[in-house]
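Working notes, beginning with the structure itself.
The sequence lines fix the lettering, A, B, ..., with proteins before strands; numbering per chain opens at 1.
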Number of protein chains: 2
Amino acid sequence: MTATTDQAAALRIASGRKAFVEPLRLGERLKEIRLANHWTLDDVSQRTGLARSTLSKIENDQISPTFSAVQKLITGLNIDLPQLLSPPKTQQRTLGRRDLTRVGEGQLHPTPTYEHELLSWQLAQKRMIPFKTIVRARHFEEFHEWVRHDGEEFLIVLDGEILLYTEFYEPLRLERGDSIYFDSDMGHALISVSDEDAVVLSVCTRGDAV
Amino acid sequence: MTATTDQAAALRIASGRKAFVEPLRLGERLKEIRLANHWTLDDVSQRTGLARSTLSKIENDQISPTFSAVQKLITGLNIDLPQLLSPPKTQQRTLGRRDLTRVGEGQLHPTPTYEHELLSWQLAQKRMIPFKTIVRARHFEEFHEWVRHDGEEFLIVLDGEILLYTEFYEPLRLERGDSIYFDSDMGHALISVSDEDAVVLSVCTRGDAV
DNA sequence: AGGGCGGGTTCACTATAGGAAAAAACTTTC
DNA sequence: GAAAGTTTTTTCCTATAGTGAACCCGCCCT
């Protein structure tokens, strides 16, 4: 175990954040790729411009490569990041997982405009991301750029009343119980228009990239 | 710039490979994200555990962060790599579809045990299927076999109180606001236990080959 | 055995990333 | 418009990533 890992762990503990980031065995993965192509460390060194010794250390998790080193790897080996990061993706039939979140016990992610409560956050590797949001924003101007992310989003108003701004449509007023489904790479933003801050439930699809 | 870079460049020329290494203004992108969220360097420092000074240098392209630093960024800021790497890349596949369903205007599918109201039913080709369900069943025996379907399901109780039976776990009592995420090929069934019939909102992934 | 040889790890050193605090640039306040 | 406060950049130092060379294998040789 490297000092880097300990340090990261300590930091997470110190800041109270949950460690729901997967191990991410980058070195291991690199070695897999290298061996799969019947390359020696020297070959990879030639292709990437990184020293043999450096590559060895990366493979054995003795150092955390700088980002520029990672770039040299992906360009030199002609692979892309997801390929380097994600394990061989043994799509084994994960059967019977479940993740319960009692009311109010989601993971909070406050921002100036929204107050997100991530639900089912303990389960990694899921295809949907559900979260409850208190919409603090009151004016469209509070957003400095469109919110936008790959995939699709479903949204239903649990409480209050909102105005949904989208890139290609007129703003839409949604009341309690109204719901909408949209492509979330279209810019979007919500503001509350009821007396109290509105609460919405959203479910996003998770992009397949890392 | 550095000897390393020159060396790599020389190697690429020597081997006839295209440079093709995109600029990848990681620092610039980070700053965009930070400002878009109204975060100061200090805020980001708190969230990620990286020093203010380090963040400043990354934003100004004065250093190339180690991969562990990048990891801290993505976990701390709750973003993913593509988001951090790809510039606002004029998305080409922005479709911008949307489908509004006003409260009570979903498509009804009554069964003896459940009364489903399909939401966003006008939009075909979507990755999630959202629906509201009034749980009429009162006893587990009313189900003659497990409900089961490919993919994953997210469920949140909107009203009343239910008991969730699943194939591999003890029955689980869920009250208003509680939510759960599970693999839906595991058999499952709901019954109402509150005075009035409970109402739940579900979102299923749509099975599709990848 | 001993001697090359291809492939990987370790070592000693240099370059650079990361951290703490001071300095500089900007804002706000009175 | 100076003082006080806030945010970012610079500076200086330490920790660590990256390098070339030495070293350590197991594997042919003849």
Side-chain angles (χ1 to χ4, degrees), chain A residues 1-15 24-77 84 112 144, chain B residues 1-12 21 24-77 84:
Chain A
M1 173 153 296
T2 70
T4 311
T5 310
D6 288 337
Q7 199 176 322
L11 258 158
R12 271 195 296 275
I13 291 163
S15 65
L24 202 47
R25 276 272 187 273
L26 185 137
E28 194 179 317
R29 183 80 192 106
L30 172 60
K31 188 162 194 175
E32 279 174 25
I33 293 175
R34 182 171 67 82
L35 295 180
N37 288 78
H38 301 265
W39 286 331
T40 68
L41 285 180
D42 238 328
D43 295 334
V44 176
S45 171
Q46 299 267 328
R47 286 167 181 266
T48 60
L50 292 166
R52 228 168 57 224
S53 54
T54 307
L55 295 168
S56 167
K57 287 183 209 165
I58 293 176
E59 286 191 354
N60 297 350
D61 285 321
Q62 290 173 19
I63 60 173
S64 166
T66 61
F67 198 75
S68 70
V70 173
Q71 284 189 88
K72 285 179 197 165
L73 280 174
I74 50 188
T75 63
L77 303 186
L84 183 60
H144 288 74
Chain B
M1 193 188 261
T2 69
T4 312
T5 312
D6 289 336
Q7 195 177 323
L11 257 160
R12 269 197 297 275
V21 57
L24 203 46
R25 279 268 182 269
L26 185 136
E28 194 179 316
R29 183 76 194 109
L30 173 59
K31 187 162 193 174
E32 279 174 24
I33 293 174
R34 182 170 65 82
L35 294 182
N37 288 78
H38 301 244
W39 288 331
T40 69
L41 287 178
D42 234 331
D43 295 334
V44 176
S45 171
Q46 300 266 330
R47 286 168 180 266
T48 61
L50 292 166
R52 280 201 313 273
S53 53
T54 306
L55 295 167
S56 168
K57 289 180 210 164
I58 293 176
E59 285 191 355
N60 297 13
D61 285 321
Q62 289 174 19
I63 61 174
S64 165
T66 61
F67 198 76
S68 71
V70 173
Q71 276 182 261
K72 286 179 197 165
L73 280 175
I74 49 188
T75 62
L77 303 186
L84 183 60

> How does each nucleotide of nucleotides 4-11 of chain C score, in 5' to 3' order, for protein heavy atoms under 4.0 Å: base (B), sugar-phosphate only (S), or none (-)?
Replying inline: ---SBBBB
>> Applying side chain to side chain donor-acceptor pair (under 3.5 Å), can you list everything that pairs with A/Asp42, at least two apart in sequence or on another chain?
In response: none
>> Donor-acceptor pair, distance only, cut-off 3.5 Å: does the side chain of B/Thr66 make one with the backbone of A/Pro65?
In response: no
> What is the distance, rounded to the nearest whole Å, between atom CD1 of B/Ile58 and atom C1' of D/dT9?
Replying inline: 14 Å
> What is the distance, rounded to the nearest whole Å, between atom CG of A/Leu55 and atom P of D/dG18?
Replying inline: 10 Å
> In Å and rounded to the nearest 0.5 Å, what is the NE2 to OG1 distance from A/His38 to A/Thr40?
Replying inline: 12.5 Å
> Which value, rounded to the nearest 0.5 Å, describes the distance between B/Ile58 atom CD1 and B/Arg34 atom CZ?
Replying inline: 11.5 Å
>> In this structure, how many angstroms lie between the C1' atom of D/dG20 and the CD atom of A/Gln46, rounded?
In response: 15 Å
> Taking atom C1' of C/dT16 as reference, at what distance in whole Å does atom CG of B/Asp61 sit?
Replying inline: 15 Å
> Rounded to the nearest Å, what distance is computed from the CG atom of residue A/Leu50 to the P atom of nucleotide C/dA15?
Replying inline: 17 Å
> Is A/Glu32 paired with A/Arg29 through a side-chain N to carboxylate O contact shorter than 4.0 Å?
Replying inline: yes
>> Measure CZ/B/Phe67 against C1'/D/dT16 and give the value in whole Å, please.
In response: 17 Å
> With no hydrogens and no angle check, is any side-chain donor or acceptor of A/Ser64 less than 3.5 Å from a backbone partner on B/Ser68?
Replying inline: yes
> How long is the line joining CD1 of B/Ile63 and P of C/dG18, in whole Å?
Replying inline: 4 Å
